[in-house]
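In what follows, chains carry the letters A, B, and so on, assigned in the order in which the sequence lines appear, proteins first and then strands, with residues in each chain numbered from 1.
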Amino acid sequence: MISAERLSSIACWSHDLDERAFERARNGIVERSYAKDSYICHRGDHLNAWTGVSSGLIKLGTTSISGKSVTLAGLRTGCWFGEGTVLKDEARQYDLMALRETKLAMMGRPTFMWLFENSVTFNSFLVQQLNERLGQFIALVEYDRMLDAPARLARNIGWLFNPVLYPDTTSCIEITQEELGLLSGLSRQATNKNLKVLEDMGLLSVMHGKLTVVDRKQLMNFGK
DNA sequence: TCATTAAGCGTTG
DNA sequence: CAACGCTTAATGA
């Protein structure tokens, strides 16, 4: 269980719930901390919790049979994920790893299902979120087939600041260039080179171990 | 042939 | 000490 203030600050979807649903949510959530580079779960685990990133950064990925690891998505502070797995009551399809010190809010399946069955506003949020994600992953395929390296990097960074998925106001993210590369399907060198291109264009600014987005709109439209 | 990458290592913040 | 930058040998278009 977490405090009402805490829920409110880490879960923007909680703002529209009625009092009964809000209390239910609050009672069904626990918070946990994860050290940098530690795994939250592996593929095949039954982590039956809808999960919010209270602080930190997570990597969603998997490892191929040959042992090569693939990064599929980065999940920033403010993001809630795992609804697909919890709804279907399935094992996890992908690995989750904390890329730095991270706090997660876990909502157990019973609470999630209760909200799903009883709260219209909660459902609205879920639909909006699923819709946004679908858009994100379709776009990813498009980028892969249509865009060059700088544009892929630009748009992947842009997605990390999607206002629906990450309803915070910061424009800064702590992430290494290597991780940014894994996220965009680029090598470390190519990432570094193209970050400088984007920086020269005034779309973002690069610092040691972090970057600040200056113009998200232009990043998202890069290459058009 | 030329460009790009992974890997290793030196440098820096 | 981890992130960055540079060099180099391998890879592949």
Checklist entry - Do the side-chain N and O atoms of A:Tyr166 and A:Trp80 include a donor-acceptor pair separated by under 3.5 angstrom? => result no
Item to check | Modelled atom types, side-chain donor and acceptor of A:Glu132 and A:Asn162, under 3.5 Å | outcome: yes
Item to check | A:Glu19 atom CD: more than 12 heavy-atom contacts under 6.0 Å | outcome: no
Checklist entry - OP1, OP2 of C:dG5 versus side-chain N and O of A:Lys196: anything below 4.0 Å? => result yes
Next on the checklist: For A:Arg133, is there an ion pair with A:Glu83 - N to carboxylate O distance below 4.0 angstrom?
Outcome noted: yes
Next on the checklist: Can you confirm whether A:Met146 is buried at CE, in the sense that more than 12 heavy atoms of other residues, nucleotides or ligands lie under 6.0 Å from that atom?
Outcome noted: no
Checklist entry - With a 4.0 Å cut-off, would you call A:Glu199 and A:Lys196 a salt bridge? => result no
Next on the checklist: Quick check on the 6.0 Å ring-centre criterion: do A:Trp50 and A:Phe122 meet it?
Outcome noted: yes
Checklist entry - Between atom NZ in A:Lys193 and atom C1' in B:dT5, what is the gap in whole Å? => result 12 Å
Checklist outcome for this item: To the nearest 0.5 Å, atom CE of A:Met106 lies from atom CD of A:Glu31 at 10.5 Å
Checklist entry - Mind checking what makes side chain to side chain donor-acceptor pair (under 3.5 Å) contact with A:Thr121, not counting sequence neighbours? => result A:Ser119
Checklist outcome for this item: Apart from A:Leu57 itself, members of its ILVMFWY cluster (side-chain separation under 4.5 Å) are A:Tyr39, A:Met97, A:Leu99, A:Leu153, A:Ile157, A:Leu160, A:Phe161, A:Ile173, A:Ile175, A:Leu180, A:Leu183, A:Leu186, A:Leu195, A:Val197, A:Leu198, A:Met201, A:Leu203, A:Leu204, A:Val206, A:Leu211, A:Val213, A:Leu219, A:Phe222
Checklist entry - Any side-chain N or O of A:Lys68 less than 4.0 Å from the OP1 or OP2 oxygen of B:dA6? => result no
Checklist entry - Can you check the A:Leu195 CG to C:dA3 C1' distance for me, whole Å? => result 13 Å
Could you pull out the protein-nucleic contacts involving nucleotides 7-9 of chain C (nitrogen or oxygen on both sides, under 3.5 Å)?
none

Next on the checklist: By the 4.0 Å heavy-atom rule, please label A:Lys210 as base, sugar-phosphate, or nothing.
Outcome noted: nothing
Next on the checklist: Expected output is a numbered-order residue list: members of residues 147-156 of chain A with a heavy atom under 4.0 Å from any atom of DNA chain C. What is it?
Outcome noted: none
Checklist entry - Does any pair with a residue in residues 95-115 of chain A pass side chain to side chain donor-acceptor pair (under 3.5 Å), and if so which ones, sequence neighbours excluded? => result none
Each nucleotide N or O in nucleotides 8-13 of chain B that has a protein N or O under 3.5 Å away: list the pair and distance.
residue : atom : partner  : partner atom : Å
B:dG8   : O6   : A:Arg188 : NH2          : 3.2

Checklist outcome for this item: Looking only at C:dC4, C:dA3, B:dT5, the nucleotide nearest the A:Asn192 side chain is C:dC4
